[in-house]
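The figures that follow rest on heavy atoms only: side chains count, while hydrogens, waters and symmetry mates do not. Just so we're clear, the structure is a prediction, and the values are computed from it rather than from any experiment.
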Amino acid sequence: MKLIVRLLLGIVLGILIGLVANENVARFMVTLSDVIGSFIFFMVPLIILFFIAAGIANLGKGGGKLLGATISIAYVSTILAGMFAVTVAMIIFPMIGLSGTEATAPEGLNALIDFELEPIFGVLTALVLAFVLGIGIAATEATTFKRVVDEGQKIVELVIRKVILPLLPIYIAGVLAEMAYEGAVFETLSVFAIVLILAISMHLIWLIVQYTIAGIVNGENPFRLMKNMIPAYVTALGTMSSAATIPVTVNAVKKNRIKDSIANFVVPLCANIHLSGSTITILTAATAVMYMMPGLEFPGFIGMIPVILTLGIIMIAAPGVPGGAVMAAVGILSSMLGFNEAAIALMIAIYLAQDSFGTATNVTGDGAIALIVNGGKKE
């Protein structure tokens, strides 16, 4: 919650500075955002590499059918949630007049210094390398490499917590200061609340869909099943962490008469690999940004399918920190959709503003995954 407060302060201060600043002050703010943005983009391939490699390696060779079934269901749930979000956004946004623009992007202000920090490798390279290392470590039980990726994961998570997250409000303030200086900020913010309301509404609808399927599989009333998950939902709103909510989630899931062995296995696993709520928000916000920002073009539903499928994989290994999902998604947004720094900053701002609701949806959805797995394991 402190992060959200700092984020809001960054938004307000950035707009105020942009409205009253002269060109030199505005350029200084642009310089800050450029430097921080370069560091964020530098870290993205490392986030993907170490988190996905460590996640796959730590799954190991054990678990058999239960492990495979849980991962498959979680992945399908995530990509279907993404397709649902894009479909609804494509319908709603034109209805409210947000239907894209043919205007060209403004030239923008030049930074005071030219600072470029190139990533070590591209996002796709990081993704393929992560799978090669993760699967190889799991198959060969290579303890040295496993220690390397595990410790790499800890280092990257530390950088996110101690460096990137504290700098995000400054980064967003710089981007919004530039937009305010150029007179484009209020039109952008007018869409902000609409995106948040739409995303949270879709979270609730998607939970109903998940629990309807779980109820059918188990022969139970879906709304009774959802009612038992309320403690987990509320706890996740406060913690903004699927991992921190695991004890409450396990207890809530067991109230739905799930086998203890399945609850104890599926819930901790899904806390790390099932982010349907986060996916809904990211894709809803991404669609809005492509519609409203000049210089970006929405590729249509078919064009978004590769993005959704890739994002589903990225979400499996998203860092378990506030904003971790959108940080992991930055590489996909920039490489596959052409998002620039201003678009990325808006994405991060929108995502963090609803992070607690997305996390609550992820956690509550974990209970539905456990129910589906449980129903499939009935004698």
Side-chain angles (χ1 to χ4, degrees), residues 3 6-7 10 30-57 111 113-134 148-175 240-241 243 272 275 278-279 281-282 285-286 289 307 310-311 313-352 355 358:
L3 176 61
R6 291 197 298 267
L7 172 70
V30 170
T31 303
L32 284 179
S33 64
D34 280 358
V35 172
I36 298 171
S38 293
F39 182 68
I40 291 173
F41 281 99
F42 171 80
M43 288 299 301
V44 166
L46 298 178
I47 293 171
I48 293 171
L49 172 62
F50 284 110
F51 273 85
I52 291 183
I56 295 173
I113 59 173
D114 187 13
F115 182 85
E116 287 190 22
L117 183 62
E118 293 294 332
I120 298 175
F121 36 68
V123 172
L124 184 58
T125 300
L127 188 60
V128 173
L129 183 57
F131 271 91
V132 170
L133 287 176
V148 169
V149 297
D150 284 343
E151 292 178 356
Q153 181 187 31
K154 292 178 182 178
I155 292 170
V156 171
E157 184 171 352
L158 180 66
V159 172
I160 293 173
R161 287 182 180 275
K162 300 298 184 180
V163 181
I164 294 179
L165 289 181
L167 289 176
L168 279 181
I170 302 174
Y171 173 56
I172 292 170
V175 172
M240 294 173 65
S241 168
N272 293 291
L275 284 83
S278 299
T279 301
T281 303
I282 289 171
V289 168
V307 178
T310 308
L311 185 63
I313 297 173
I314 297 295
M315 290 297 98
I316 289 177
V321 297
V326 73
M327 293 306 305
V330 163
I332 298 301
L333 298 174
S334 60
S335 64
M336 299 184 73
L337 295 176
F339 276 33
N340 55 24
E341 285 196 9
I344 293 295
L346 285 176
M347 283 292 306
I348 294 173
I350 294 172
Y351 183 88
L352 289 177
D355 195 12

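Heavy-atom minimum distance, Ser278 versus Tyr351: OG-OH, 2.9 Å. Looking at every heavy atom in both residues, Leu275 comes nearest to Ala325 through CD2-CB, 3.9 Å. Looking at every heavy atom in both residues, Ala329 comes nearest to Ile314 through N-CG2, 4.3 Å. Met347 and Phe339 get closest at one heavy-atom pair: CG-CE2, 3.6 Å.
Within the 4.5 Å cutoff, the side chain of Tyr171 has heavy atoms near those of the Ile344 side chain. With a 4.5 Å cut-off on side-chain heavy atoms, Thr281 and Val326 do not count as touching.
With sequence neighbours left out, the side-chain hydrogen bond (donor to acceptor under 3.5 Å, both in side chains) criterion links Thr279 to no other residue.
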Handout entry: Chi angles and distances behind the side-chain contact (heavy atoms from CB on, under 4.5 Å) call for Ile120, Thr125
Key = CA-CA 10 Å; Ile120 298 175; Thr125 300; over 6 Å; no

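Annotation: the span from Leu167 atom CG to Leu32 atom CG amounts to 9.5 Å, rounded to 0.5 Å. Separation of atoms CD1 (Ile282) and CG (Leu333) is listed at 7.0 Å; rounding is to 0.5 Å. The distance from the OG1 atom of Thr310 to the CE atom of Met315 is 11.0 Å, given to the nearest 0.5 Å. Interatomic distance, CZ of Phe121 versus CG of Leu129, reported as 6.0 Å (0.5 Å rounding). The distance from the CD atom of Glu157 to the CD1 atom of Ile164 is 11.5 Å, given to the nearest 0.5 Å. Of the inter-residue distances, the one linking Leu158 atom CG with Gln153 atom CD reads 12.5 Å to the nearest 0.5 angstrom.
Of the possible polar contacts, one joining the Ser334 side chain to the Gly331 backbone as a donor-acceptor pair under 3.5 Å is found.
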